[in-house]
Amino acid sequence: MCKMSYNPHDIESKWQRIWSLEGVFEVEVDHSKPKFYCLEMFPYPSGNMHMGHVRNYSIGDAMARFQRMRGKNVLYPMGYDSFGMPAENAAKKESGHPHTVTERNIAMIRADQERMGYSYDWRRMFATSTPEYYHWNQQLFLKFHEAGLVERRFAPVNWCNDCDTVLANEQVKNNRCWRCGLEVVQKDMAQWFLKMTEYADELLNELEDIEFPENVKTMQRNWIGRSQGAHINFKVVGSESSIGAFTTRPDTIFGVTFLTLSPEHPLCKELVSGTDYHDDWEKLRNDCARMTEFERINMLKEKKGVPLGRFAINPLSGEEVPIYAGNFVVASYGTGAVMAVPGHDQRDYDFAKKYGLPIRPVLSKTREAEAIEENPVFDGLGWMANSNMGSFDGLYGNEAKEAVISALEADGTGYGTVQYRLKDWLLSRQRFWGTPIPMIHCDDCGVVPVNYSDLPVKLPLDIKFSWENSGNPLENNEVFLNVKCPKCGGKARRETDTMDTFFDSSWYFLRFADSSNSSAPFDSDKANYWLDGGVDLYIGGIEHAVMHLLYARFFTKATRDLGMNSVGEPFGRLVCQGMLNAPAPFCVDCNSEYHIENFGGDCPNCGAELTTRSVKMGKSLGNTVSPGEMVTKFGADTVRLFILFGANPEAGMDWSDTALESSSRQMNQIFEAFKSLESASLNPKDIDSWLLARALDNQTRWIDAMEGVSLREGVMISHYEMLSDWQWYRRRGGLDRETIERFLCIWSEMLAPATPHIAEEFWSSLGGTGLLASNTLSGLSDLSDSDWSLVLAREDYLREFIDTARNLRTLAEKHSESPLSRMVVQVASKWKSELASNAINLASTDFDFKSQGHEHIRNLPIFENETMRGEIFQLWTTLTTGSKKKRGRIHTWSKSQKILLLNYLDEVEIINQNSEFLAMALDIESITSYFVGEGEDVAGKARVAFPLEPGIAFV
RNA sequence: GCAGAGGUACCCGAGCUGGUCAAAGGGGCCGGACUUAAGCUCCGGUGCAUAGUGCUUCGCAGGUUCAAAUCCUGCCCUCUGCACCA
């Protein structure tokens, strides 16, 4: 190879072809090997691959390749989450079919992925929009239906006029559609729900044992939002109705001075109809319904409410309290009614103050204290007071809560309960490009499931999309609609709702275990093998931390309970990759970023000069980088190296053209290093063992880093430190063929996870057996059997020596009129090194230098020489206890320095042995070295000589 | 407001189970070698002082300690997620 300079394109396409021909990434269940399931969140195919994908997959591929080299049976699949609205919109634009758009996009992104050399088992690839996949969506749906997890009910739903569809609560952001941003309106519809709340407790509790990042766990906990409390019924005076309210603080029930209903609460209308209060309430309700999120936030600095003119009865105290409607009460949480305790809830307090309602403190901060009104309110746990039912006063915290709940339960006016923020999963979408819900509406039999044998219910392909035909084309497709009732055989109509696409992605990782199965979603044995302990490494964006991950966890549990697997938790280790940033114009004064077309100009808002700032890559700012372009320019390996070296997976990362170029240079240098094997011959030298010792050490640290998914660190060792060690070796005159071959073999393996093509090329040119992509790491046991620490330490000594000498040289130059030509090195006397060694040995025992030190040296033979005693004491102190400002050397010496001292390194010898090299490195003609006292004390440097720190004089 | 992650030299970024930390690595910049030259590559420098041991630095202000980038407290700022959660 290597006659020419580095040409990534030839190398990369060659190896991609060979890997594919040899099928090296194709895996099957193999119980003789430990498995490793490496998975990236599969993409929605929107066209070409973007940089965020590149980052995601480069991380995953590096880990998959690394684990293969570690001897694992690695499942590393790729597929496409290909249902969804954008394909419909694209189809409308070109008057085509979403299917066509989707297939085209998949082909594009797949080609991009293949060009990057990712090591997927492509046989397992699937797209969720194919009947081969959504067939099983439908089957799972029917199974869930049988298990009682599916429900059809009327519910007010979020409706987006633009997208012509229902949105899940989770898909509404700031009261706007998460995709198009249009304001969401409410609409009542019959909907299909999946009863995820039945798993709320398990989903919450098992978070404890999952290896997710802490912030993801917290987000999920908050999302599930379990709160323990009581449901309390308040009878409405003069009515049969009662108001149920949920509270987490039943211990404050005697402080209730009013009730607040959400304006949408059905009881509101009933209570005010025909009264003077009706108009105010209606106005409030309409205000709330119409308010945009932006207005709401501003409005809510001011809590608003209206009296409904009626009263409710506190079930324990019998007291009558007024009923209000308040804009701050959310209809969908709890019961949509709040028992207001202004004495111990800040929000209620503010409300009460505003409307002149009474405030009654019923908790005291200490057992003895009075319950007092204060602002800010006391909302911690306290001792009950003023309960006007003596038996409660003095009860504290949970005991108080339980006492109140018992009292309520005793007279049937309330009960202890748990409330979740998590809601059932609204599955229906009034959209075409999704999995048809396999249900049939029969006038006689009602809603009837499709027979399993009639699955899949296929989406019709003979539809032309256009902007004129809004809504769901299924509703007008007679062929699709008309069907016979599976029960009575009479005329019936198909359900036209399709499923939320989150359904597709909630079990795709199970399908990968057995993706060609045509008789079931997946074989349970295969799923249990690959998903034992969950997906071993799951990589994706933080934006899916709640919804997708929670749905997937729910599915795994639900299918487990259907007997389809025994997994339970789908994901083991989760890594959320950080964001990819790129520079964009930025105005410091306005604190805002602008489109890249403003580079070099002034702020469009205030006219100030724009600076740059690194912000999230995105279309809106135009600060995106095309992976295709970069690969064309530099090759896939270089792009992969850059992206992995740029930052650790979890950290945010800045795109930089110069840094990419530097990665390219690095690749060239590595290439050059491998090329130099050609000029090597049998030429053994001392430095050879150093190089191999470094390789061993580097490989060990590299494995540690990679195991921990610290890819940046790993790449730093494999692509940077290995190279600088190589360069040092060459500077030291090393060029032994046998050594170099050994070193390069180890190195090429280490290069493989991040830059697999070039590594494979090196491997093949070195005559390595088989393909590197399917090999396991060379064991270096022959190397690790020896102790290389002294070899490494000697080299460290030289490096440090050069370092110190270099610094001194610049200083010395200032003091010398003529150019420096000679260096005189005076090494500390042997007895000093011996004393140092002695001290190091003592330090490894539990010797107490402070109390036993002086006694110790007094007994040493050298201490008999009276003239040296002062110097001995001084040295001993410097070595052991140190001074006020500096610790003793035995504490500050590095491991390798200690090794040198313990082995009585002859500094004079090592300096003289390497004098030629040192002279060259220091740009000096000659070097002389001797022990202090064995020659002239040049420039009085004998006094600074210390073990490992010789006195150096330039002349 | 709540939760989480952060603020390290010109920039990015390690370190943060206290001492070996003026602080890895990369980018940029400067200098030297190579070259007709540019590029590439190699070597070195990049807080201040200084013939070595010294001073000032790790968001700001305090504290603990013989010793703090590292531990504690308060404050400021940035980012991410959630948004009146009863």
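Atom set for the values below is all heavy atoms of this structure, side chains included, hydrogens, waters and symmetry mates excluded. Convention: sequence-line order gives letters A, B, ...; per-chain numbering from 1. Please read all numbers here as calculations on a predicted model, not as lab measurements.
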Between A51(B), A24(B), G52(B), which nucleotide gets closest to the side-chain atoms of F954(A)?
A51(B)
Heavy-atom nearest nucleotide on RNA chain B taken for E721(A) and for V338(A); more 5' hit belongs to E721(A)
Can you check the distance between U56(B) and A49(B), where both ends of the measurement are the P atom (answer in whole Å)?
15 Å
Give me, pair by pair, the N or O atoms of the protein and of nucleotides 39-45 of chain B that are less than 3.5 Å apart, along with how far apart they are.
from	atom 1	to	atom 2	distance (Å)
C42(B)	OP1	Q669(A)	OE1	2.2
C42(B)	OP1	Q727(A)	NE2	2.6

Mind calculating the distance between CD (E713(A)) and P (A14(B)) to the nearest angstrom?
10 Å
Roughly how far apart, to the nearest Å, are A67(B) and G18(B) at atom C1'?
8 Å
Expressed as a whole number of Å, how far does the P atom of C55(B) sit from that of A23(B)?
15 Å
Is it true that E713(A) and R701(A) make a salt bridge, defined as a side-chain N closer than 4.0 Å to a carboxylate O?
no
Give none if U17(B) has no partner; otherwise give the nucleotide forming a Watson-Crick or G-U wobble pair with it, both distances under 3.5 Å.
none
When you compare U78(B) with C72(B), how far apart are their P atoms, in angstrom units rounded to a whole number?
24 Å
F634(A)-F642(A) aromatic ring centre distance below 6.0 Å:
no
Value in whole Å for how far the P atom of A51(B) lies from CZ of R822(A)
21 Å
For the pair made of CG in L207(A) and P in A3(B), what is the distance, rounded to whole Å?
18 Å
With rounding to the closest Å, how many angstrom separate the C1' atoms on C79(B) and A61(B)?
24 Å
Please figure out whether E661(A) or K941(A) has its closest RNA chain B nucleotide nearer the 5' end.
E661(A)
Nearest to the side chain of A953(A) - G52(B), A86(B), A51(B)?
A51(B)
Contact class for G951(A) (heavy atom, under 4.0 Å): base, sugar-phosphate, or nothing?
base
Let me confirm one number: the CG-CZ distance from D348(A) to F258(A), rounded to the nearest 0.5 Å.
5.0 Å
Without decimals, in angstroms, what is the distance between M920(A) CE and G32(B) C1'?
15 Å
Which whole-number value in Å describes the distance from L284(A) CG to C84(B) C1'?
14 Å
Between C1' on G81(B) and CZ on R221(A), what's the gap in Å once rounded to a whole number?
15 Å
Paired nucleotide for C34(B) [Watson-Crick or G-U wobble; both distances under 3.5 Å]
none
Should G1(B) form a Watson-Crick or G-U wobble pair with both distances under 3.5 Å, which nucleotide is its partner?
C82(B)
Quick check: are there more than 12 heavy atoms from other residues, nucleotides or ligands sitting under 6.0 Å from CD of Q727(A)?
yes
Nearest-angstrom distance from the residue atom CD1 of I717(A) to C1' of A14(B):
12 Å
What are the two closest non-hydrogen atoms of G714(A) and W702(A), and how far apart are they?
O-CD1, 3.0 Å
P spacing across the pair C43(B) / G25(B), given as an integer number of angstrom
13 Å
Return no unless some side-chain N or O of S227(A) is found under 4.0 Å from OP1 or OP2 of C85(B).
no
Between A86(B), G25(B), G52(B), spot the one nearest the side chain of T804(A), thanks.
G52(B)
Using atom P in both nucleotides, what's the gap between C2(B) and C85(B) to the nearest angstrom?
11 Å
Now, which nucleotide makes the Watson-Crick or G-U wobble pair with C40(B), with each of the two distances under 3.5 Å?
none
If you measure from the Lys or Arg side-chain nitrogens to the Asp or Glu carboxylate oxygens, is any gap between R694(A) and D725(A) under 4.0 Å?
yes
Provide a list of protein-nucleic acid N or O atom pairs under 3.5 angstrom, restricted to nucleotides 10-13 of chain B.
from	atom 1	to	atom 2	distance (Å)
G13(B)	O2'	R712(A)	NH2	3.3

With both distances under 3.5 Å as the test, what is the Watson-Crick or G-U wobble partner of A51(B)?
none
Does R731(A) count as lying over the ring of F917(A), i.e. NZ or CZ under 6.0 Å from the six-ring centre, within 45 degrees of the axis?
no
For the atom pair CG (L948(A)) and CG (L901(A)), what is the distance rounded to the nearest 0.5 Å?
4.0 Å
From CZ of R809(A) across to P of G32(B) the rounded distance in Å is 15 Å
From the options K941(A), E907(A), Q826(A), select the one residue that forms a side chain to side chain contact (heavy atoms under 4.5 Å, CB included) with P950(A).
E907(A)
So what does P950(A) hit on the nucleic acid, given a heavy-atom distance under 4.0 Å: a base, only sugar-phosphate, or nothing?
base
Could you measure between the two C1' atoms, the one in A22(B) and the one in C48(B), and give it in whole Å?
11 Å
Pairing partner of G74(B) (Watson-Crick or G-U wobble, both distances under 3.5 Å):
C60(B)
Quick one: is the NZ or CZ of R799(A) closer than 6.0 Å to the six-membered ring centre of W728(A), and within 45° of its axis?
yes
Per the side chain to side chain donor-acceptor pair (under 3.5 Å) rule, which among E800(A), R889(A), E949(A) passes with Q897(A)?
E800(A)
Which nucleotide, G26(B), A51(B), A24(B), lies nearest any side-chain atom of L811(A)?
A51(B)
Got M716(A) and F645(A) here, is their nearest side-chain heavy-atom distance under 4.5 Å?
yes
Categorize T248(A) for me: base, sugar-phosphate, or nothing, with a 4.0 angstrom heavy-atom threshold over every strand shown.
sugar-phosphate
